[in-house]
Number of protein chains: 4
Amino acid sequence: MDSKPGTVHDVKAQVSDEALVAKRRGQIIASAVELFSHQGFYRTTIQDVAKKAGVSAGLIYQYVTDKEDVLLLALLSVLESYKQEIPAALEGLSDPLERFVAAIRAYCRVVDQRREATVLAYRSTKSLPDDRRQLIKDCEIETNGMIAACLANCIKAGLMRDVNVELVTYQLVTFAHSWALKHWRLKELCDLEQYIAEGLDFFAQALLTPKGRRQWEALSTTTIC
Amino acid sequence: MDSKPGTVHDVKAQVSDEALVAKRRGQIIASAVELFSHQGFYRTTIQDVAKKAGVSAGLIYQYVTDKEDVLLLALLSVLESYKQEIPAALEGLSDPLERFVAAIRAYCRVVDQRREATVLAYRSTKSLPDDRRQLIKDCEIETNGMIAACLANCIKAGLMRDVNVELVTYQLVTFAHSWALKHWRLKELCDLEQYIAEGLDFFAQALLTPKGRRQWEALSTTTIC
Amino acid sequence: MDSKPGTVHDVKAQVSDEALVAKRRGQIIASAVELFSHQGFYRTTIQDVAKKAGVSAGLIYQYVTDKEDVLLLALLSVLESYKQEIPAALEGLSDPLERFVAAIRAYCRVVDQRREATVLAYRSTKSLPDDRRQLIKDCEIETNGMIAACLANCIKAGLMRDVNVELVTYQLVTFAHSWALKHWRLKELCDLEQYIAEGLDFFAQALLTPKGRRQWEALSTTTIC
Amino acid sequence: MDSKPGTVHDVKAQVSDEALVAKRRGQIIASAVELFSHQGFYRTTIQDVAKKAGVSAGLIYQYVTDKEDVLLLALLSVLESYKQEIPAALEGLSDPLERFVAAIRAYCRVVDQRREATVLAYRSTKSLPDDRRQLIKDCEIETNGMIAACLANCIKAGLMRDVNVELVTYQLVTFAHSWALKHWRLKELCDLEQYIAEGLDFFAQALLTPKGRRQWEALSTTTIC
DNA sequence: TATGAATGAGTGTTCATTCAT
DNA sequence: CATGAATGAACACTCATTCAT
């Protein structure tokens, strides 16, 4: 119920009614993500965002201090959606390998759903002043932590080699992001599920121990995907 | 002598003396890459570029039609440097695995040398209008082709599994780019050479056939890396 | 009970309860004088005034038609305080010279008490549209009239030379105002009472007849000032 | 030849050609003084100033950093004109009383010539940020110094009483300013020369010693004024 | 060729004012 | 009566681009 640091709630509004703030920010962010993703941050004017959100330009400044704040809010909303999807996908799963696969798959799918927004994050994080950019980095590190935990679990269970967890996590994360970043080309090579399948296979080869490999085969035959 | 597609020569200058054009563009591009990399495209003014290049603002428009042209030129100069480094690194090598390793290593090193510029490419390509962006994509595809060729060679020689070459190429390329994109975090985990070593090991595990693996071991013991 | 010209009552309110109107306007004007004096009229927003007055911005517009009306009200309240202090200081005095001295002294003291507000009046009267500015001028003329009357009395009594009453009145008024307008410098030269004493001495020299001069000496020795 | 502190030259231009800077600033300041005087600083837009000056809005920002800088420049130009007129009027005069009279008269005349601008100075100095306002104060102090010197000379020559020079200087200065500040009323009482004459008579009465008075009479009969 | 002064359209932001509740 | 969220016109300032020299 409390607003945690590094979340959307950090940006202070001049309006006190919390429900209204949530609603308005929702409108603003949705429009902003859409427009920033397509036209870029600098080519999008606040008036554009306002018009698309169906509000006046002045209103935006009651919920945000800066145009840059709109960007921050937009980026955080994207990263936050990552942070929500992954735990949801892991719910009920206990097998390390299953959790690993579910996490990667969930990540890739949310990237796919928010493809433009993911590209936005890559393009525009550097447009933020240092302090606000830090919020983004913190959020990214947190998400990565979820992937890293799945990986570490597999290693602890003797299913994967003892690799540098954080480095490999970056490989995994980057693999998911690439679906958005290079979609203009990748979409001609395969669809999302094939991309995930190929990727998982690739990572399996790279990471699994013989023991892990046996479980993996079992998993592959029982799971329909 | 002919202007090839996807190269610097596509942007038309108002000045006829080719040597002068090359010199002036050199000045302009160098300043632009520097400034765009640090402050971003939109935060950098043409006057900034002019001042840093030691020329007048008006002069720039005799060698370029647009501010966007400056960006295009800057990005192409970065991508071109990739295209030059890789063949140079492969020169004299004939063993498929050696060529593969050399290509990856060369790529990572150029990325490291032009880290800011690499980030710039990610941030700013979308700031170009579609037609000019295509030039960038073409250039990227060409570079990827070099990596892909090395990979394909290894497969043909039975040293690597028969994976989807283009997909895996993207993994390799992305791995190199990540050094720049995530440098703020990666630099705290390892230095460039460790990053390359870990990566090569990872890809080896993922790709090598038993035969390839034997050669790889041999390679690892003979080569100091 | 009737609204007199040149007073606060000219500005029409949308609220009928007169007592409430007086109370609300009191709040608003007090905040406005304070804020306008310190930050100036244009740098002060209606929201600032509302917040300081502890009311909502909307409420102000039920007691005022304009932001300019708030300024008018504020200025009038300042000038009105002049108009009240001077007669109060003269009460019970009948000697022309004593009344003259008392009037000047009272004027200087109100100016001192409302120093910022006096400066405000100088700065901001011109910000009013002509018709409203006229109200201010009327008010100022009325106050000047009190000083002028004291001066005229001294002349009629043969205590002062037969000068142009209105012109000298302006000198006297200006002398009082200067304490506020040039306070940044004057405060380093003397305190208020010294300022008054020096001024009175100066005006005495300039105005008194030989007869007046004798009375003045007498006054000076009996009165502690 | 060097730019002295506290003068117009303090505001830095982006244009290097000094003659051009002088010319452009002349245009800008002239328009600004005119417009600020009539409509006030806040009611005047930079576009207004630009249009009246016959230049583009953007141009102004090559010669000025701020709208506030335009105000500073305008105010300084007014105060500077005071500083020039007074010494010019004193040239060739050596008699202390003559110099005193000439100084006051010159001051009043320049105030009359730049009546609106003088009012502007009173209204708008407080609109400047503290550091820039200091420049104005410095300039004012300098001008006052000229008057004060004339006054001090008369005292030293035994022509005037030994009053507090700086305080009386403020009275003299304020007298001149009042012609502008209260012109709406004063112009109905007398014209400028009468105003000056009455004022000089008043100050003479207040300040002259018997010796000074004798010289004054002589002066009055010989000088046509 | 090169310069750099000039342009003016474009945009983030503010704030007086309104009005539904 | 009072509130305060919403509006939208207004304005300072920037900067890509031009063009006379």
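What you see is a predicted model; the values in this text were computed from it and never measured. Chain letters run A, B, ... following the sequence lines, proteins first and then strands; every chain starts at 1.
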Margin query: Taking the minimum atom-to-atom distance to the side chain of D/Leu20, which one of E/dT17, E/dA6, E/dT3 wins?
Written below: E/dA6

Next item on the list: Under the ring pair (Phe, Tyr, Trp, His ring centres under 6.0 Å) rule, collect the residues that match up with D/Phe41, sequence neighbours excluded.
Entry: D/Phe36

Next item on the list: With sequence neighbours left out, write down each residue that passes ring pair (Phe, Tyr, Trp, His ring centres under 6.0 Å) with C/Tyr61, or none if nothing qualifies.
Entry: none

Notebook entry, point to check: So does B/Tyr63 get a side-chain nitrogen or oxygen closer than 4.0 Å to the phosphate oxygens (OP1/OP2) of E/dA2?
Noted result: yes

Next item on the list: State whether C/Ser56 places a side-chain N or O below 4.0 Å from either non-bridging phosphate oxygen (OP1 or OP2) of F/dT3.
Entry: yes

Next item on the list: Flag the pair D/Glu116 and C/Lys126 as a salt bridge only when some basic side-chain nitrogen lies within less than 4.0 angstrom of an acidic carboxylate oxygen.
Entry: yes

Margin query: If you only use heavy atoms from C-beta on, which nucleotide in E/dA5, E/dT1, F/dA6 is closest to the side chain of B/Val15?
Written below: E/dT1

Check: Among residues 36-51 of chain D, which contact DNA chain F at a heavy-atom distance under 4.0 Å?
Finding: D/Thr44, D/Thr45, D/Ile46, D/Gln47

Note to self: Over all strands shown, is D/Ile60 touching base, sugar-phosphate only, or nothing at heavy-atom distances under 4.0 angstrom?
What the structure shows: nothing

Next item on the list: State which residues pass side chain to side chain donor-acceptor pair (under 3.5 Å) with A/Ser56; sequence neighbours excluded, sorted by chain then number.
Entry: none

Notebook entry, point to check: Contact class for C/Gln14 vs. all strands (heavy atom < 4.0 Å): base, sugar-phosphate, or nothing?
Noted result: nothing

Notebook entry, point to check: NA contact type, A/Asp17, heavy-atom cut-off 4.0 Å: base, sugar-phosphate, or nothing?
Noted result: nothing

Check: Is the distance from OP1 or OP2 of F/dA16 to the nearest side-chain N or O of B/Thr65 less than 4.0 Å?
Finding: no

Checklist line | Residues which pass salt bridge (charged side-chain N to carboxylate O under 4.0 Å, His left out) with C/Glu68, listed by chain and number, not counting sequence neighbours | finding: C/Arg132, D/Arg43

Check: Would you call C/Lys23 and C/Glu18 a salt bridge, using N to O less than 4.0 angstrom?
Finding: no

Notebook entry, point to check: Any Lys/Arg nitrogen of A/Asp130 or A/Arg133 sitting under 4.0 Å from an Asp/Glu carboxylate oxygen of the other?
Noted result: yes

Item checked: Axis bend over the full length of the helix from E/dA2-F/dT21 to E/dT21-F/dA2, computed from five pairs that close each end, to 10 degrees -> 10°

Item checked: N or O in side chain of C/Tyr61 less than 4.0 angstrom from E/dT17 OP1/OP2 -> yes

